[in-house]
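Keep in mind that this is a model prediction, so the values were computed, not measured.
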Amino acid sequence: MADETILATSPTCPSCGQDASEQFYQVRSVPVHQVKLVRSRADALASPRGDIGLRFCGTCGFVWNAAFDPGLMRYEQDYESTQAVSPTFNRFHDRLAKELVERFDLHGKVVVELGCGQGEFVAMLAELGDNRGYGFDQVIRQEGASGNITLVKDLYGPRYSDLHPDFVCCKMTLEHVHDTAAFIRSIRATLGDQSDGLVFFMIPEVTRILELRAFWDVYYEHCSYFSPGSLGRLFRHAGFDPVDVWTDYDDQYVLIAARPGTGTGPWLPNEHGPEALVPKVRSFAAQIAADQARWRGWLTDLHGAGKKVVLWGGGSKAVAFLTTLGITDEIAYAVDVNPRRSGTFIAGGGQQIVLPAFLAEHRPDVVLIMSPIYTDEIRAELNASGLQPAHLLTVETPPEALQAA
C-alpha cells in the first residue's frame, strides 16, 4: 500500500523567501532521474528514489518540490535529454534561434548558454549571427573549442565573468534548480554593470500543468515550476528588468528576456499576480487523485483484456506517468525516436524503450502519446509503417473519457 503520510516540508519559498505557502500535491518514492540511460530492467526497477511535495507560494506564485534533495542528483554522460531527433522540435528550435538573433540583434556578439546539453542551440546562435559561442554543462560528452564554439564541462558562474557575454541563454535548466533566487542572483552578479547585456530563459510553464492536471509533467528532476508572473518576479527580485515574458511551443514553455537593472521597471501584461493561480492549484489538488485512479483503472482493464498498450515517448513524461500510477507489467514498451535510448529501460517502471520500427512486429492495440504536440509526426510514422492501432490517443485525453476510448 502506498505511504499516504503527509510529507513534512518547509514553507519557505526559494524564490521570494516568504513563508506564505501550502503543500497541495505529493508523490512518494519516484525515480530521481528520468532521462538517465538505464541499461537493464533490474537496474530500472532499482532506480534511486525520492519524494515529491509540491508547495504553492501565495506571495509570488512559485511552485516547487519542497521535498527535493539536491544530494540525490547525479548528472553524468549517460544523461540523454536531447529533443533534437524530432522534426517537430527541430523546427521550433530553428525558429526560436532565428527569432532571438533577429529580435535582439545578435550579430558579432559573445553568446553564452547555460545547461547547453551537447551545444546544439548555442551552435545555431553562433552560426546564424556570426557570434562567438560558449556552452556550459556538466553532461557535455566532448568539451573544447571547435570553430567559433567552446564547450565547457562546468557550471557557469562568477569565475567566467571575463567572457563579458552580450547574451546569456538558459533553456530547460532553471526547473532543475532548487535554490532559484540564489541561482539568478549569481548570474546577475556575474554580469555586473553590463546594463546592455541580455539574459534569456526558457522553462516548462506551470499554468498549463495545473489546468490539465498534468501529473506526467511533475517529476523529481524538475523541482521548480514557474508561470509568467512568478518568473518575472524572480528576475525582478534578483535585479533584472524584464523586457518580455511569453509562452511558446503549444504553451508548454514560458520564456523571459531581461536586462541587468534594478528590478523596478514597468510590469508586463503577462506578469499576472499569484492570485490568478489560486483556483487552479485548488482544482488540481481536489481532482488529481480521481484522475489518476481513472488512468490506472483503464490501463489495468486493457491489460486484463489482453490488449497491447505502448507509450510513444520514452523520456521524462513517460517516467512520471508510469511511476506515479504504479504501472509496470501493464505496459511492456515505450517508443522513442532517439536511437541512444533504444534498448534502455524506463526508470522505476522497467518498460523497454524501442525504436518505432519495432511496432511492425509488436502491433499494439493502443498507442498513448506522451506529448500531444508530436501527434501529427507520430501518426505519419505509423501510417508509413502500415500500422493502424485501434486507439491513438494522448495523455491529455480527459480521464473521464477513457472508457469511451
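Between Phe56 and Phe284, every side-chain heavy-atom pair lies at or beyond the 4.5 Å cut-off. Between Glu205 and Ser227, some side-chain heavy-atom pair lies under the 4.5 Å cut-off.
Side chains of Ser316 and Glu221: no donor on one and acceptor on the other come within 3.5 Å. In summary, the side chains of Glu211 and Thr207 do not present any donor paired with an acceptor at a separation below 3.5 Å, with no hydrogens or angles considered. Between Thr150 and Arg132, the side chains place a donor N or O and an acceptor N or O closer than 3.5 Å (distance only, hydrogens not considered). Judged by distance alone, the side chains of Gln23 and Thr9 do bring a donor and an acceptor atom under 3.5 Å apart.
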Would you check, one step at a time, whether the test side-chain contact (heavy atoms from CB on, under 4.5 Å) holds for Val206 with Phe226? CA-CA 5 Å; Val206 75; Phe226 289 94; 5.7 Å; no
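Other residues, nucleotides and ligands place more than 12 heavy atoms under 6.0 Å from the CD atom of Gln292. For Asp196, the CG atom sits in a packed shell: over 12 heavy atoms of surrounding residues, nucleotides or ligands are nearer than 6.0 Å.
For the pair Arg213 and Trp295, the cation-pi test (distance below 6.0 Å, angle within 45°) is failed.
The two residues Pro204 and Tyr253 come nearest to each other via the heavy atoms CA-CD2, 4.2 Å.
Using a 4.0 Å cut-off between charged nitrogen and carboxylate oxygen, Arg91 and Asp94 do not count as a salt-bridge pair.
In this structure, Phe235 has its ring center closer than 6.0 angstrom to the ring center of Phe201.
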